[in-house]
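Inspection log for the structure reproduced underneath, given as structure tokens.
All figures in this text were calculated on a predicted structure; none of them were measured in a lab. Below, chain A is the first sequence line, B the second, and so on; all start at residue 1.
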There are 2 protein chains.
Amino acid sequence: MPEAELSTEEKILKAAEEVFMRDGYDGSRMQDIADVAGINKALLHYYFRSKDKLFEKIFDAKIQVFFPRLEQAFYQDLPFMEKVEFFIEQYIGLLRNNPYLPLFVLNTINKRDNSDFIKKVPAELSQRLIMSYNADFQQGKLRAINPLQFVISVMGMCIFPFLGRPVLQNMFKADSNAFDKLMEQRIEELKVYIRLILTP
Amino acid sequence: MPEAELSTEEKILKAAEEVFMRDGYDGSRMQDIADVAGINKALLHYYFRSKDKLFEKIFDAKIQVFFPRLEQAFYQDLPFMEKVEFFIEQYIGLLRNNPYLPLFVLNTINKRDNSDFIKKVPAELSQRLIMSYNADFQQGKLRAINPLQFVISVMGMCIFPFLGRPVLQNMFKADSNAFDKLMEQRIEELKVYIRLILTP
DNA sequence: GTCTATATAAGGATAGAC
DNA sequence: GTCTATCCTTATATAGAC
């Protein structure tokens with residue numbers, strides 16, 4: 001869709017997303033958002049009453065992406081291991097297209113005053129995974145581990161390289177392409193790890 | 001050491017550490033730091049010329065903690081697997097005492113303009129680990145994996161729960177004590193994982 | 001709906017007295 | 001070294017014309 005066809009409200013939301021994701025709430029300026037949107041500051045306040053309100057709109061959308069529901073795989077009757085493999089594949093793919101997402105979300109939910117934001121996290125995902133583990137474990141198909149710790153571990157393995165990206169690229173003299181390639185390879189590597197951990 | 005015995009410079013550094021770690025660079029106010037230190041703003045600028053300079057002092061100290069050198073284990077002639085186990089133990093212990101550290105460091109190194117900060121990361125740690133892996137692998141003591149991906153994974157597994165802490169606590173109705181207990185248990189859990197991955 | 005101009009406040013930094 | 005007072009710039013937000 002060409003930019004000219006976007007409504008003013010859409011242009012603002014698009015610009016706000018870009019600026020907030022890149023600079024965080026504290027680092028963002030309403031003027032920057034107006035510039036990116038190609039309008040002036042006053043219009044921002046006309047559409048969204050305040051910086052807080054505008055930010056909330058963006059966050060509400062992004063939290064749903066960062067903690068995905070993944071209905072496709074998790075509501076199907078797949079073995080636990082395949083669900084995890086599917087998650088790794090989808091999630092690293094997602095982050096490759098949304099490099100700023102993790103830091104943005106983690107910053108927001110860690111803000112002391114903004115504890116409301118935490119409540120917006122879709123909570124069922126990990127609960128369902130744990131139930132799925134227990135079902136397969138009781139059939140002897142999985143090794144005895146702590147499913148909560150395991151779920152945290154899988155998320156950490158997927159997300160962390162995107163958080164430490166500048167360091168990794170500097171350490172191994174990699175450009176953006178090399179990093180992306182590394183993340184593509186990472187999918188298969190992590191699948192090997194989780195199979196080794198879960199197979200009895 | 002009682003607070004009264006601290007020099008003004010020490011009081012400022014202590015207060016700056018607290019505020020910067022908690023609120024980040026953009027979210028911190030010189031006034032807040034002065035208040036915590038029990039002095040006034042002007043004195044901050046007398047001791048450290050600017051907010052930037054003061055921040056740099058704090059960051060320089062913290063980056064050394066977040067990317068530790070761990071000479072104790074890694075310069076000794078231990079098997080790779082034991083080095084990793086030692087790392088997990090030490091590092092989770094460190095983070096349990098420094099909950100804000102990961103987000104603080106990751107935010108700073110991800111700032112576009114502040115790419116100077118990246119250069120301050122001690123880079124040898126992962127390089128040494130990879131060399132150590134290769135040595136043991138050639139003796140047939142380890143499974144064939146990608147050592148770089150493995151090192152990223154171990155760091156991610158250790159660090160991520162501290163980043164997602166508010167969500168985890170909310171999701172599982174855990175207070176600070178329960179979370180800390182979970183992290184203590186996590187040490188042994190992760191050791192199991194890495195043994196399963198690395199053992200041929 | 002969109003703009004210019006401006007109110008109001010906050011934040012970093014400095015001057016100058018003690 | 002430490003304080004009060006203040007300068008200067010920047011930010012959010014609003015008023016009012018078109």
(message) Testing the 3.5 Å rule here: is there a donor-acceptor pair between the side chains of N110(B) and Y100(A)?
(response) no
(message) Checking the side chain of Y133(B) only, and the main-chain atoms of I145(B) only, is there a donor and an acceptor separated by less than 3.5 Å?
(response) yes
(message) Strictly below 4.0 Å, N to O, side chains only: are K120(B) and E56(B) in salt-bridge contact?
(response) yes
(request) Check whether any side-chain nitrogen or oxygen of H45(B) sits under 4.0 Å from OP1 or OP2 of dT14(C), and answer yes or no. (result) no
(request) Examine dT2(C): is either OP1 or OP2 under 4.0 Å from a nitrogen or oxygen in the side chain of N40(A)? Give yes or no. (result) no
(request) Indicate whether any N or O donor in one side chain lies under 3.5 Å from an N or O acceptor in the other, for N134(A) and Q138(A). (result) no
(message) Quick check for you: among dG1(C), dT14(C), dA13(C), whose closest atom lies nearest to any side-chain atom of S50(B)?
(response) dA13(C)
(message) Whole angstroms only, please: what is the CG-P distance between D26(A) and dA11(D)?
(response) 13 Å
(message) Which nucleotide wins on minimum distance to the side chain of L43(A), given the candidates dC3(D), dA13(C), dC3(C)?
(response) dC3(C)
(message) What is the separation between atom CG on L44(B) and atom C1' on dC3(D), rounded to the nearest whole Å?
(response) 13 Å
(request) Could you tell me the separation between the CZ atom of R29(A) and the P atom of dT9(D), rounded to a whole number of Å? (result) 17 Å
(request) Whole angstrom is fine here: how far is it from CD in Q31(B) over to P in dT14(C)? (result) 16 Å
(message) Could you tell me how far apart R49(B) (CZ) and dA13(C) (C1') are, to the nearest whole angstrom?
(response) 10 Å
(message) Classify Y46(B) by what it touches in the nucleic acid, base, sugar-phosphate, or nothing, heavy-atom distance under 4.0 Å.
(response) base
(request) Check the distance between dT2(C)'s C1' and I12(A)'s CD1 and give it to me in whole angstrom. (result) 11 Å
(request) Look at T8(B) and dT2(D) and indicate whether a side-chain polar atom (N or O) is within less than 4.0 Å of OP1 or OP2. (result) yes
(message) Tell me the interatomic distance from D23(B), atom CG, to dG12(C), atom P, rounded to whole angstroms.
(response) 12 Å
(message) Tell me if a side-chain donor or acceptor on R29(B) pairs with a main-chain N or O of D26(B) at a distance below 3.5 Å.
(response) yes
(message) I need the OH-C1' distance between Y47(A) and dT12(D), as an integer number of Å.
(response) 20 Å
(message) Counting distance alone, no hydrogens or angles: does the base of dG11(C) have a donor or acceptor under 3.5 Å from a partner atom on the side chain of K51(B)?
(response) no
